[in-house]
Amino acid sequence: MSRAALLVLADGRFPAGGHAHSGGAEAAVKDGRIQDARDLEAFCRGRLHTTGLTAAGLAAAAALGHDFTALDAAADARTPSPVLRAVARKLGRQMMRAARAAWPGADLDALAVAFPRGTHQPIVLGTAARTAGLAPPDAAHCVAYETVSGPATAAVRLLSLDPFEATAVLARLAPEMDRVAALAASAALEGIDALPAASAPLLDIMAEQHATWPVRLFAS
């Protein structure tokens with residue numbers, strides 16, 4: 001196992017398209033829910049323990065080698081927003097391109113054949129982690145981190161927030177990321193039916209509203 005592969009996979013410069021998405025932060029900023037670093041921390045914490053936990057479980061399960069089709073169905077069932085389902089598949093396609101270039105392997109090839117139009121991004125990420133020789137907890141950690149780093153990076157652009165403050169938010173949330181990743185990886189060991197299904201209805205509603213905006217900085 002190459003632990004350094006985790007750094008590559010979690011790097012914000014990994015060309016998987018995440019930089020174009022705010023994780024709901026853009027809509028939250030417009031709605032007045034994020035105005036400063038304190039608000040950003042509360043937003044990221046909520047996202048981490050809901051949709052982040054759910055996505056981390058899917059990634060850990062994919063890294064374990066659970067059935068792709070069953071995982072895709074589980075991801076759909078846990079993503080009530082049509083907009084967010086479409087975003088997850090688009091990011092999955094972009095992750096697939098980057099992952100197959102970085103770590104060519106039979107598992108990624110099989111996933112691409114099974115879902116030519118793309119599956120959910122956490123499933124691709126977990127499969128990429130498996131191909132890179134990483135363990136399920138590594139995949140879960142990667143998802144937990146990107147769940148909060150995306151909105152934090154977006155807030156810097158949306159609010160002209162001090163980057164040092166945004167980074168401090170991520171540092172303060174690090175212990176919680178560890179706990180979420182551990183919980184997600186543990187659930188994945190019990191099977192697909194045991195995967196977390198935590199939701200954030202307000203994120204779903206804001207995503208649907210955000211998609212109707214004629215002008216926006218981020219794709220979601």
Side-chain angles (χ1 to χ4, degrees), residues 1-14 16-19 21-26 28-29 33-64 78 88 91 95 99 121-126 128-130 132-189 195-200 202-203 218 220:
M1 181 177 68
S2 172
R3 186 53 57 86
L6 177 59
L7 302 179
V8 177
L9 191 58
D11 193 332
R13 291 163 293 189
F14 191 72
H19 65 280
H21 298 263
S22 74
E26 184 169 23
V29 167
R33 297 178 184 278
I34 302 178
Q35 300 183 33
D36 53 28
R38 180 176 295 182
D39 294 339
L40 175 63
E41 183 169 345
F43 177 87
C44 288
R45 177 174 288 109
R47 193 166 191 269
L48 174 64
H49 288 279
T50 54
T51 57
L53 173 62
T54 299
L58 291 166
L64 275 169
R78 288 161 171 76
L91 287 173
M95 170 66 75
Q121 190 261 12
I123 299 172
V124 182
L125 188 151
R130 178 182 174 89
L134 297 170
D138 295 320
H141 268 97
C142 187
V143 170
Y145 175 72
E146 70 176 16
T147 295
V148 296
S149 63
T153 301
V156 172
R157 297 173 63 185
L158 292 164
L159 295 171
S160 296
L161 188 68
D162 185 339
F164 294 120
E165 289 190 72
T167 301
V169 166
L170 298 180
R172 287 194 293 271
L173 289 174
E176 293 180 57
M177 290 185 232
D178 287 342
R179 289 194 289 273
V180 164
L183 181 59
S186 177
L189 289 171
L195 292 178
S199 64
L202 188 55
L203 281 178
F218 292 92
S220 71

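What you are looking at is a predicted structure, and each value in this text was computed from that prediction instead of being measured.
Contact of the Arg47 side chain with the Cys44 side chain is not registered, since no non-hydrogen atoms from C-beta on lie closer than 4.5 Å. Under the 4.5 Å side-chain criterion, counting only non-hydrogen atoms from C-beta, Thr51 is not in contact with Ser199. With a 4.5 Å cut-off on side-chain heavy atoms, Glu176 and Val148 do not count as touching. With contacts defined as side-chain heavy-atom distances shorter than 4.5 Å, the pair Leu64/Pro136 qualifies. Between His141 and Val180, every side-chain heavy-atom pair lies at or beyond the 4.5 Å cut-off. Gln121 places a side-chain heavy atom less than 4.5 Å from the side chain of Glu146.
In terms of heavy-atom proximity, Leu91 sits nearest to Gly18 at CD2-N, 4.1 Å. Between Ala184 and Gly57, the closest heavy-atom pair is CB-N, 3.4 Å. Heavy atoms only, all atoms of each residue included: Ala185 and Ala60 are closest at CA-CB, 3.9 Å. Of all heavy-atom pairs spanning Ala152 and Ala166, the tightest one is O-CB, 3.9 Å. Closest approach of Ala139 and Ala59 over heavy atoms only: CB-O, 3.9 Å. In plain terms, the two heavy atoms of Pro122 and Ala55 that are nearest each other are CB-O, 3.5 Å.
Between the side chain of Thr54 and the backbone N or O of Thr50, at least one donor-acceptor pair lies under 3.5 Å. Between the Arg33 side chain and the Ala28 main chain, no donor and acceptor come within less than 3.5 Å of each other. Judged by distance alone, with hydrogens and angles left aside, the side-chain atoms of Asp11 form no donor-acceptor pair with the main-chain N or O of Leu7 at under 3.5 Å. Judged purely by atom type and a 3.5 angstrom limit, Ser220 has no side-chain atom pairing as donor or acceptor with the backbone of His21.
With values rounded to the nearest 0.5 angstrom, Met95 atom CE is found 5.5 Å from Leu9 atom CG. Summarising the geometry, atom CG belonging to Leu125 is positioned 4.5 Å from atom SG belonging to Cys142; distances are rounded to the nearest 0.5 Å. Interatomic distance, Arg78 CZ to Leu195 CG, rounded to the nearest 0.5 Å: 5.5 Å. Taken to the nearest 0.5 Å, the CG atom of Leu183 stands 12.5 Å off from the CG atom of Asp178. The distance from atom CG of Leu40 to atom CZ of Arg45, rounded to the nearest 0.5 Å, is 10.5 Å. Between the CD atom of Glu26 and the CZ atom of Phe218 there is a distance of 6.5 Å, given to the nearest 0.5 Å.
Atom CZ of Phe43 has more than 12 heavy atoms from other residues, nucleotides or ligands within 6.0 Å.
Considering Leu48, Thr147, Val143 as possible partners of Met177, the one that fulfils the side chain to side chain contact (heavy atoms under 4.5 Å, CB included) test is Leu48.
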Let me see the working for Arg38 and Asp36 under salt bridge (charged side-chain N to carboxylate O under 4.0 Å, His left out), right down to the final yes or no. CA-CA 6 Å; Arg38 180 176 295 182; Asp36 53 28; 5.9 Å; no
